[in-house]
Enquirer: 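Structure below; questions to follow.
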Amino acid sequence: MPELPEVETVRRGLLPAMEGVVIEKADVNRPDLRWPFPENMADRLTGKKVTALRRRSKYILADLDSTETLIIHLGMSGRMLISGDPVGQFHHDHPAPEKHDHVVLHMANGTRVTFNDARRFGAMDMSGTADLDHHWLIRDIGPEPLGNAFNEDHLIAKFDGKNMPIKTALLDQKLVAGLGNIYVCEVLHRAGIDPRRKAGRIAKPRVAGLVPLIRDVLTEAIAAGGSSLQDHRQTNGELGYFQHAFKAYGREGQPCTTSGCGGTIDRIVQSGRSTFFCRQCQR
Ligand SMILES: [Zn+2]
């Protein structure tokens with residue numbers, strides 16, 4: 001499942017195809033994905049210019065000059081494919097339509113932007129741009145981890161009195177937006193904090209220290225995603241599914257890379273999700 005850095009990479013890959021460009025035609029090939037599409041979605045998109053392409057948590061937001069915003073969520077397996085006339089660095093000869101091409105945006109610059117989703121856990125909805133913060137998918141999301149509202153005081157206050165494991169707390173989207181299983185494992189490994197520790201029992205300086213680490217881990221992953229676009233490593237036109245060199249996630253049984261540690265990465269299950277960590281250096 002794509003996490004915040006992957007979604008941000010998809011957004012950046014889509015920018016040259018979509019931002020400032022009119023949607024000439026929208027093909028909506030089925031009534032729903034995870035949820036029904038909004039009424040008359042094709043009509044509400046057709047002829048509208050994308051004035052800005054933004055991101056909030058794991059949602060890509062296309063503001064339209066009709067004062068509405070198209071909300072896009074990739075779900076588990078959603079992919080954005082760019083085809084047609086080449087723009088930017090990213091292009092793919094995607095012979096539309098394919099079986100799982102659920103929505104195709106024909107852009108005035110000659111590109112086609114295709115939302116393809118085999119498992120259909122993705123979503124698209126529309127909202128008045130001014131009301132976006134009250135939209136049911138958006139309204140309960142916590143602060144952006146790379147924004148100013150996410151800071152030491154916020155995290156300390158949210159952890160205070162919490163009896164749940166720190167890993168579970170960090171996965172709570174109301175606490176911080178867009179952090180998922182992979183990057184929480186990476187952050188806790190870098191912080192040297194045992195993912196099973198109760199959030200409310202961790203000393204405040206250690207909690208405060210998580211804020212820059214979360215920012216670093218996400219910023220590095222976004223940079224890696226950006227360079228994967230630049231390198232043309234993803235020549236098949238799929239945005240967002242690049243491989244990182246993770247230090248903890250997916251490395252069960254392999255040596256811990258923390259300098260001087262000598263431990264081994266272990267895997268346990270917490271709240272039904274795999275946790276990868278090192279018993280030696282994460283305390
Ligand atoms: Zn270690």
Side-chain angles (χ1 to χ4, degrees), residues 1-9 57-58 142-146 150-228 233 240-283:
M1 183 186 294
E3 294 192 22
L4 188 152
E6 288 78 23
V7 175
E8 178 60 19
T9 300
S57 186
K58 291 188 268 188
E144 286 290 316
L146 300 175
F150 180 69
N151 54 40
E152 285 80 357
D153 292 343
H154 170 80
L155 202 54
I156 288 168
K158 288 290 181 185
F159 275 13
D160 189 39
K162 268 215 163 64
N163 207 28
M164 62 175 69
I166 182 171
K167 189 206 171 194
T168 312
L170 286 174
L171 285 174
D172 178 359
Q173 299 299 299
K174 292 177 187 170
L175 193 147
V176 56
L179 266 191
N181 202 39
I182 295 174
Y183 293 103
V184 168
C185 290
E186 293 298 297
V187 164
L188 291 176
H189 182 255
R190 198 176 289 195
I193 296 176
D194 188 321
R196 299 166 299 181
R197 285 182 67 111
K198 304 255 187 278
R201 300 288 299 276
I202 300 170
K204 284 178 184 174
R206 294 191 88 192
V207 176
L210 280 169
V211 171
L213 284 180
I214 288 169
R215 293 211 172 109
D216 287 352
V217 164
L218 293 176
T219 304
E220 288 165 24
I222 291 168
S227 54
S228 81
R233 259 184 265 162
Y241 296 86
F242 47 89
Q243 288 299 313
H244 290 309
F246 296 120
K247 296 242 164 54
Y249 186 82
R251 293 194 66 243
E252 184 183 8
Q254 294 179 48
C256 176
T257 55
T258 302
S259 145
C261 171
T264 301
I265 300 296
D266 211 343
R267 185 180 76 90
I268 58 171
V269 174
Q270 290 180 289
S271 309
R273 317 278 309 269
S274 284
T275 298
F276 297 89
F277 76 115
C278 172
R279 291 175 197 273
Q280 191 95 5
C281 64
Q282 290 182 247
R283 300 299 179 109

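These numbers come from the heavy atoms of this one structure, side chains and all, not from hydrogens, waters or symmetry mates. As the structure lists them, so they are numbered: ligands from 1, and atoms in each ligand from 1.
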Enquirer: Tell me whether Arg273 contacts the main-chain N or O of Thr168 through its side chain, where contact means a donor paired with an acceptor under 3.5 Å.
Expert: no
Enquirer: Going by an N to O cut-off under 4.0 Å, is there a salt bridge joining Asp172 and Lys174?
Expert: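 Salt bridge: no.
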Enquirer: Could you point out which residue of Val187, Leu213, Leu179 forms a side chain to side chain contact (heavy atoms under 4.5 Å, CB included) with Leu218?
Expert: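 When Val187, Leu213, Leu179 are each tested with Leu218, the side chain to side chain contact (heavy atoms under 4.5 Å, CB included) holds only for Leu179.
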Enquirer: Which atom names give the shortest non-hydrogen contact between Lys58 and Gln173, and what distance separates them?
Expert: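 Of all heavy-atom pairs spanning Lys58 and Gln173, the closest is CE-OE1, 4.4 Å.
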Enquirer: Holding to ring pair (Phe, Tyr, Trp, His ring centres under 6.0 Å), I want the full list of residues that pass it with Phe277, two or more places apart in sequence or in another chain.
Expert: none
Enquirer: Taking Glu186 for the side chain and Lys247 for the main chain, is one N or O donor matched with an acceptor at less than 3.5 Å?
Expert: yes
Enquirer: Which protein atoms of type N, O or S are found under 2.8 Å from the Zn ion (ligand 1)?
Expert: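 Checking every protein N, O and S atom gives Cys256 SG, Cys261 SG, Cys278 SG, Cys281 SG.
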